[in-house]
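My questions will all concern the structure given below.
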Amino acid sequence: MILVTGGAGYIGSHFILHLIRSNIEFIFIDSFINSSPKIIQKLKLIKNSRINYLKGDVRNVKFLKQVFSNYNISSVVHFAGLKSVKESFEKPSEYFTTNVSGTINIIKAMEIANVKKIIFSSSATVYNVTQTLPWKESGELDFSGSPYAQTKIMSEKILEQAALANPGWSVGILRYFNPIGSDKLGLIGENIIKESTNLIPSLVNVLLGRKKYLDVYGADFKTADGSGIRDYIHIDDLINGHIKAHSYINRHPGYNIWNLGTGKGYSVFEVIKEFETAANCKIPIKIRKRRKGDLAKFWADVKKARDELDFIAKKELNEMIKDVINFTNNISK
């Protein structure tokens, strides 16, 4: 049985959906602080199946010990955590408590239960942004970044030490670039927060009429069209990366890190244009000053994931955006 933490979140729920469709036994836990139990009913609409879950927090050591005691868990896929870079500056203690202490609690519970396999949800924000593109797994990390990025680096290092201290442990660190899109049915997708300044949620909020225009932060970068370039990956491809990584750690003990991206970048204006085409509308925009820390461009080196996991992201930007629109149409109903 696989234990999935944060199973009601954007990425966790898509992973759960794969497990349901593949008839793989699982239990997921979630505090529902940044997610909703409504996702359970949506998952049942996609495939009428029993959804095994428990409400609980990774900060609760007693709860985690009970989960491992009551269920025959063979591996963990750890998504649970807070993930807003902006919010992490405002609430650093909450981020360190949830993301770092939560990971330590998971490791402790695994050690007691003799569970030795874990996939950890990390981020490209851990990289030193001054290094040469594309960013490789062996590249330098930057602990001077956001509190959010710091929690990811610390969690990675703690898991590395756990693997060194526990012979036979197998750890897979997955560094995400920019996941977007939704399941093809459009029933589950990213939680669209009105206050978000991220590109895709902001575009959706404009389309839904929650915002009058899209703020574009910086049009004077040294790129072809002046806007920032990012590596966007479809959620289905991202989940496929998890599946392949999970299969790998079941066969190979040790500590492993893989980037999950497409290996190429799309500019903000390219994404807007594709969004306008898919939604058949014009998105009003306002050019703002660059935000502190915004980069001109970055994308993943995907060679290691390709060579070791046989992982290649297959979906192009137009497919990603069409699925975003499909999910948006369901939100507006």
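Side chains included, hydrogens not; waters and symmetry mates left out as well; all remaining heavy atoms used. This one's a predicted model, so the numbers in the text were calculated from it and none came from an experiment.
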Criterion side-chain contact (heavy atoms from CB on, under 4.5 Å) against N105, the qualifying member of D57, V61, V58
V61
Please give the remaining members of the hydrophobic cluster of L164, linking ILVMFWY side chains under 4.5 Å, ordered by chain and number.
none
Before giving the answer on side-chain contact (heavy atoms from CB on, under 4.5 Å), spell out for F221 and K297 the whole-Å C-alpha distance, their side-chain angles and the decisive distance to 0.1 Å.
CA-CA 9 Å; F221 291 104; K297 52 190 174 182; over 6 Å; no
Over 12 foreign heavy atoms within 6.0 Å of CG, N70
yes
Side-chain touch T328/L203, heavy atoms, less than 4.5 angstrom
no
Under 4.5 Å between side-chain heavy atoms, counting indirect links through other Ile/Leu/Val/Met/Phe/Trp/Tyr residues: same cluster for I235 and I325 or not?
no
Rounded to the nearest 0.5 Å, how far does CD1 of I112 lie from CD1 of I107?
12.5 Å
Distance check, rounded to the nearest 0.5 Å: K65 atom NZ versus N60 atom CG?
10.5 Å
Find out if a path of hydrophobic residues (ILVMFWY) with successive side-chain heavy-atom gaps under 4.5 Å connects M110 to V4.
no
Any donor-acceptor pair under 3.5 Å from D237 side chain to K315 backbone
yes
K303 and D301 ion-paired at < 4.0 Å
no
Is any NZ, NE, NH1 or NH2 atom of the basic residue among K264 and E316 found under 4.0 Å from an Asp or Glu carboxylate oxygen of the other?
yes
Anything under 30° is parallel, anything over 60° is perpendicular, the rest tilted; go ahead and classify H18 against F15.
tilted
Heavy-atom nearest pair, D231 first then G263, reads OD2-N, 3.0 Å
Please check if I312 and V302 belong to a single hydrophobic cluster, counting links between Ile, Leu, Val, Met, Phe, Trp and Tyr side chain heavy atoms closer than 4.5 Å.
no
Nearest non-hydrogen partners of N330 and L187, listed with the distance:
ND2-N, 4.1 Å
Could you tell me if Y266 and N178 have a donor-acceptor pair between their side chains, going purely by distance under 3.5 Å?
no
Is there a side-chain contact between S88 and L82, using heavy atoms and a 4.5 Å cut-off?
no
Under-4.0 Å salt bridge between R288 and D215
yes
Taking atom NZ of K42 and atom OG of S13, what is their separation to the nearest 0.5 Å?
9.0 Å
Kindly compute the distance separating CZ (F327) from CG (L185), expressed to the nearest 0.5 Å.
12.5 Å
Set out, in order, the CA-CA distance, both residues' side-chain angles and the distance that settles salt bridge (Lys or Arg N to Asp or Glu O under 4.0 Å) for K157 and E160, then state yes or no.
CA-CA 5 Å; K157 293 302 181 184; E160 182 178 20; 3.7 Å; yes
Under a 4.0 Å N-O cut-off, is there an ion pair linking K273 with E276?
no
So do F298 and R230 actually touch side chain to side chain, heavy atoms under 4.5 Å?
yes
Closer than 3.5 angstrom, by distance alone: can the side chain of S22 be matched with the main-chain N or O of I24 as a donor-acceptor pair?
no
Using modelled atom types only, decide if a donor and an acceptor are shared between the side chain of K322 and the backbone of G181 within a distance under 3.5 Å.
no
Please determine whether residues I153 and F79 belong to a single hydrophobic cluster, defined as Ile, Leu, Val, Met, Phe, Trp and Tyr linked transitively by side-chain heavy-atom distances below 4.5 Å.
no
Between S182 and G189, is there a donor-acceptor pair closer than 3.5 Å when you use the side chain of the first and the backbone of the second?
no
Quick one, Y127 and R175 - any side-chain contact, counting heavy atoms below 4.5 Å?
yes
Determine whether F89 and Y95 fall in the same hydrophobic cluster, where Ile, Leu, Val, Met, Phe, Trp and Tyr are linked whenever their side-chain heavy atoms lie under 4.5 Å apart.
yes
Under 3.5 Å donor-acceptor pairs involving side-chain atoms of residues 141-148, not counting sequence neighbours:
| from | atom 1 | to | atom 2 | distance (Å) |
| --- | --- | --- | --- | --- |
| D142 | OD1 | S144 | N | 3.0 |
| D142 | OD1 | S144 | OG | 2.5 |
| D142 | OD2 | S144 | OG | 3.3 |
| S146 | OG | A149 | N | 3.0 |

Where do F269 and I287 come nearest, in terms of heavy atoms and distance?
CZ-CD1, 4.0 Å
Between the side chains of T197 and R291, is a donor N or O closer than 3.5 angstrom to an acceptor N or O?
yes
Within the 4.5 Å heavy-atom criterion, are I20 and I46 side-chain neighbours or not?
no
Less than 4.0 Å between a side-chain N and a carboxylate O, is that true for K184 and D236?
no
Between the side chains of R21 and D183, is the shortest nitrogen-to-carboxylate-oxygen separation below 4.0 Å, so that they form an ion pair?
yes
With a 3.5 Å distance limit and no angle check, can you tell me whether Q131 reaches the backbone of N128 through a side-chain donor-acceptor pair?
yes
Heavy-atom distance under 4.5 Å between the side chains of Y10 and K83, does that happen here?
yes
Output yes when a side-chain donor or acceptor of K55 lies under 3.5 Å from a complementary backbone atom of F32, and no otherwise.
no
To the nearest 0.5 Å, atom CD of E190 lies from atom CD1 of I200 at 8.0 Å
Nearest heavy-atom pair of E137 and A305: which atoms, and what distance?
OE2-N, 4.4 Å
Can you find a pair of side-chain heavy atoms, one from N191 and one from N34, that are under 4.5 Å apart?
no
T103, T98, N99 screened by side chain to side chain donor-acceptor pair (under 3.5 Å) with T151, the one that passes:
N99
Going by atom types only, do T262 and Y232 share a side-chain donor-acceptor pair under 3.5 Å?
no
Could you check whether any side-chain heavy atom of I16 comes within less than 4.5 Å of a side-chain heavy atom of F26, counting everything from C-beta outward?
yes
Give a yes or no on this: more than 12 heavy atoms of other residues, nucleotides or ligands lie within 6.0 Å of atom CG of N280.
no
So F28 and Y53, would you call those rings parallel, tilted or perpendicular, with 30° and 60° as cut-offs?
parallel
Please determine whether side-chain contact (heavy atoms from CB on, under 4.5 Å) holds for the pair F68 and L3, giving the CA-CA distance in whole Å, both sets of side-chain angles, and the decisive distance to 0.1 Å.
CA-CA 9 Å; F68 278 89; L3 170 64; 3.6 Å; yes
Set out, in order, the CA-CA distance, both residues' side-chain angles and the distance that settles side-chain contact (heavy atoms from CB on, under 4.5 Å) for I29 and L64, then state yes or no.
CA-CA 9 Å; I29 62 174; L64 289 176; 3.7 Å; yes
Heavy-atom closest pair (E25 atom, M1 atom, distance to 0.1 Å) is OE2-CE, 3.3 Å
Atom NZ of K136 and atom CG of N259: how far apart are they, to the nearest 0.5 Å?
11.0 Å
Residue from F311, F120, Y248 passing ring pair (Phe, Tyr, Trp, His ring centres under 6.0 Å) with W258:
Y248
Shortest non-hydrogen separation from A296 to T223 and the atoms involved:
O-CG2, 3.7 Å
Test log, rule side-chain contact (heavy atoms from CB on, under 4.5 Å), inputs Y217 and R290
CA-CA 5 Å; Y217 295 94; R290 300 185 201 178; 5.8 Å; no
